Amino acid sequence: MEFVERTVHIGKASFPYIPGFFSFREGEGTIRAYQKISHKPDLLIINACGTTHPASAGFASHIGVILDKPTIGITKRMFCGRAKIPQKEKEAQPLYHGGKQKGWLLKVLPETKPIVITIGHLTSIKSCLEIAIKCLKENKMPEPLRLAHQCAGKEKKKWGKSDGT
DNA sequence: GCGACAG
DNA sequence: ATCTTGTCGC
């Protein structure tokens, strides 16, 4: 796995952060940043819920439908769903919601809370975990997400705190 | 029942 | 997300 490209969209969020309505706040900025990408990816890893959402379609699913692209949702904590808490390093426990398994809790590193991996759009329960694991390097969060998050932080400082993506 | 609640 | 220093580990 190697870094290929990075694009950024700067803009003010036009909607407040309300759990359950994440797409309204993050949707526009995400789409705009995606449109700038020259080398379109085969799949997107989104820092938000996938199908483990009150409406069974979180932001990761939403963005997948709009772009007609496979997506996986990865977050630091569960928004909804039920799962046993993995204790051992590299242990994965199934995450259920609405009577079906829709993701996993993965204990990436010892001494840290497990990350939440969920099916977003056009991905299977098996592949979402496999892909997430392949994207892990030496940090808790998968490399693509870690770099994107780091980049967002720097851009935010550069452009002042006008509240953005 | 109550509180918490993706970023 | 944001508030925030020094500190620990590879």
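Please read all numbers here as calculations on a predicted model, not as lab measurements. In what follows, chains are A, B, ... by sequence order, proteins preceding strands, each numbered from 1. Heavy-atom basis, side chains included; hydrogens, waters and symmetry copies ignored.
- Classified by interplanar angle (parallel below 30°, tilted 30° to 60°, perpendicular above 60°), the ring pair His62(A)/Phe59(A) is perpendicular.
- Separating the CZ atom of Arg77(A) from the P atom of dG7(B) is a distance of 6 Å, rounded to the nearest angstrom.
- Within the 3.5 Å criterion, the main-chain N or O of Leu109(A) finds no donor-acceptor partner in the side chain of Lys90(A).
- Contact annotation for Phe21(A): base contact, defined as any heavy-atom pair under 4.0 Å involving a base atom.
- As a whole-Å value, the separation of Arg25(A) CZ from dA6(B) P is 13 Å.
- Scanning both residues, Gly50(A) and Ala60(A), for their nearest heavy atoms gives CA-CB, 3.8 Å.
- Here His149(A) lies in heavy-atom contact (under 4.0 Å) with sugar-phosphate atoms only.
- Not one side-chain nitrogen or oxygen of Lys156(A) sits closer than 4.0 Å to the OP1 or OP2 atom of dA1(C).
- Of the charged side-chain nitrogens involved, none lies within less than 4.0 Å of a carboxylate oxygen, so that Lys134(A) and Glu130(A) do not count as a salt-bridged pair.
- Between Lys76(A) atom NZ and dA4(B) atom P the separation is 21 Å, expressed in whole Å.
- Taking atom NE2 of His97(A) as the reference point, atom P of dA6(B) lies 14 Å away to the nearest angstrom.
- Between the CD1 atom of Ile119(A) and the P atom of dA6(B) there is a distance of 21 Å, rounded to whole Å.
- Both Ile119(A) and Ile45(A) sit in one connected hydrophobic cluster of ILVMFWY residues. Membership requires side-chain heavy atoms under 4.5 Å apart, directly or through other members.
- Listed here is the closest heavy atom pair of Thr7(A) and Glu5(A): CG2-OE2, 3.8 Å.
- Put simply, Phe22(A) does not rest on the base of dG7(B): the two rings are not both less than 5.5 Å apart at their centres and under 30° in tilt.
- One atom, CD of Gln150(A), and another, C1' of dG7(B), lie 18 Å apart when rounded to the nearest Å.
- Remark: P of dA6(B) and CD1 of Ile74(A) are 17 Å apart, rounded to the nearest angstrom.
- Cluster membership check: Leu105(A) does not share its hydrophobic cluster with Ile117(A), using side-chain heavy-atom separations under 4.5 Å among Ile, Leu, Val, Met, Phe, Trp and Tyr.
- Base engagement by Gly20(A) is indicated by at least one non-hydrogen atom pair under 4.0 Å involving a base atom.
- Separating the CE atom of Met141(A) from the P atom of dA6(B) is a distance of 13 Å, rounded to the nearest angstrom.
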Might you list the N or O atoms of the protein lying below 3.5 Å from N or O atoms in nucleotides 6-10 of chain C, with each pair's distance?
none

